[in-house]
Amino acid sequence: MDSLDWVPPETGMAWVRCGELGWHTLTLPMGLGDRVLADLGDATGAVVQEDEDHRLTWFIEPQASAVKHLRGHPQITLSGDDGSFIFIPGRARRHLVWWRVPPTPDRLLTDADRLADAIATYLPETRR
């Protein structure tokens, strides 16, 4: 996706329907998410942090087969094409929902295979 015009300017916020703009999401609790993010390093795409709910959300390709087996896991939420929404923060942090890793035209989606492998490091039962 070349355009990030769906990201609100400055401190704005917006609700965006998952799947509507060419991506789905994968959400983890903060503790697990912090470790997965550290493992991914520069290979991560954009990540939204929600301080109130203590979770991190990654953007992945729609219907990524590498993560389908994670659906229903109690610590993992997959969203997209199911009517769910994500709260998209503006570019400047002012709220409890903010860009832990800001999106750029070259850094939005996280490779679902890498993300699944990083999760399996900490949740061995999710190994493919």
Rounding to 0.5 Å, atoms NE2 (His54) and CG (Leu28) come to a distance of 15.0 Å

Which of these, Ile60, Asp39, Leu109, sits in a side-chain contact (heavy atoms from CB on, under 4.5 Å) with Leu115? Ile60

To the closest 0.5 Å, what do you measure between CD1 (Ile119) and CG (Leu70)? 5.5 Å

Rounded distance (nearest 0.5 Å) linking atom CG of Leu78 with atom CG of Leu26: 5.0 Å

Here the salt bridge (charged side-chain N to carboxylate O under 4.0 Å, His left out) pairs for residues 7-30, sequence neighbours left out, are Arg17-Glu20

Gap separating the CG atom of Asp81 from the CD atom of Gln63, nearest 0.5 angstrom: 5.5 Å

So, do Leu123 and Ile76 sit near enough that their side-chain heavy atoms are less than 4.5 Å apart? yes

Could you report the tightest heavy-atom contact between Ala120 and Thr126, atom names first, then the distance? CA-OG1, 3.4 Å

Only counting residues at least two apart or in another chain, list the ones meeting side-chain contact (heavy atoms from CB on, under 4.5 Å) with Ala66. Ala112, Asp113, Arg128

Can you sort out the partners of Arg100 under side-chain contact (heavy atoms from CB on, under 4.5 Å), two or more places apart, ordered by chain and number? Met30, Asp34, Leu37, Val47, Gln49, Leu56, Trp98

State yes or no: do Val7 and Met13 share one hydrophobic cluster built from I, L, V, M, F, W and Y residues joined by side-chain heavy-atom distances below 4.5 Å, directly or via other members? yes

Thr44 meets the side chain to side chain donor-acceptor pair (under 3.5 Å) criterion, sequence neighbours left out, with Trp58

How about Phe59 and Thr110: do any of their side-chain heavy atoms sit closer than 4.5 Å? no

Under the side chain to side chain donor-acceptor pair (under 3.5 Å) rule, collect the residues that match up with Thr27, sequence neighbours excluded. Thr57

Write down the atom of Val101, the atom of Gly45, and the distance for their closest heavy-atom approach. CG1-O, 3.4 Å

Not counting sequence neighbours, list each pair that qualifies as a side chain to side chain donor-acceptor pair (under 3.5 Å) and has a residue in residues 68-79. His73-Glu125

Throw together a table of side-chain donor-acceptor distances under 3.5 angstrom for residues 83-93, partners on residues two or more places apart or in other chains.
from: Ser84; atom 1: OG; to: Asp82; atom 2: OD1; distance (Å): 2.5
from: Arg91; atom 1: NH2; to: Leu4; atom 2: O; distance (Å): 3.3
from: Arg93; atom 1: NH2; to: Asp51; atom 2: OD2; distance (Å): 3.0

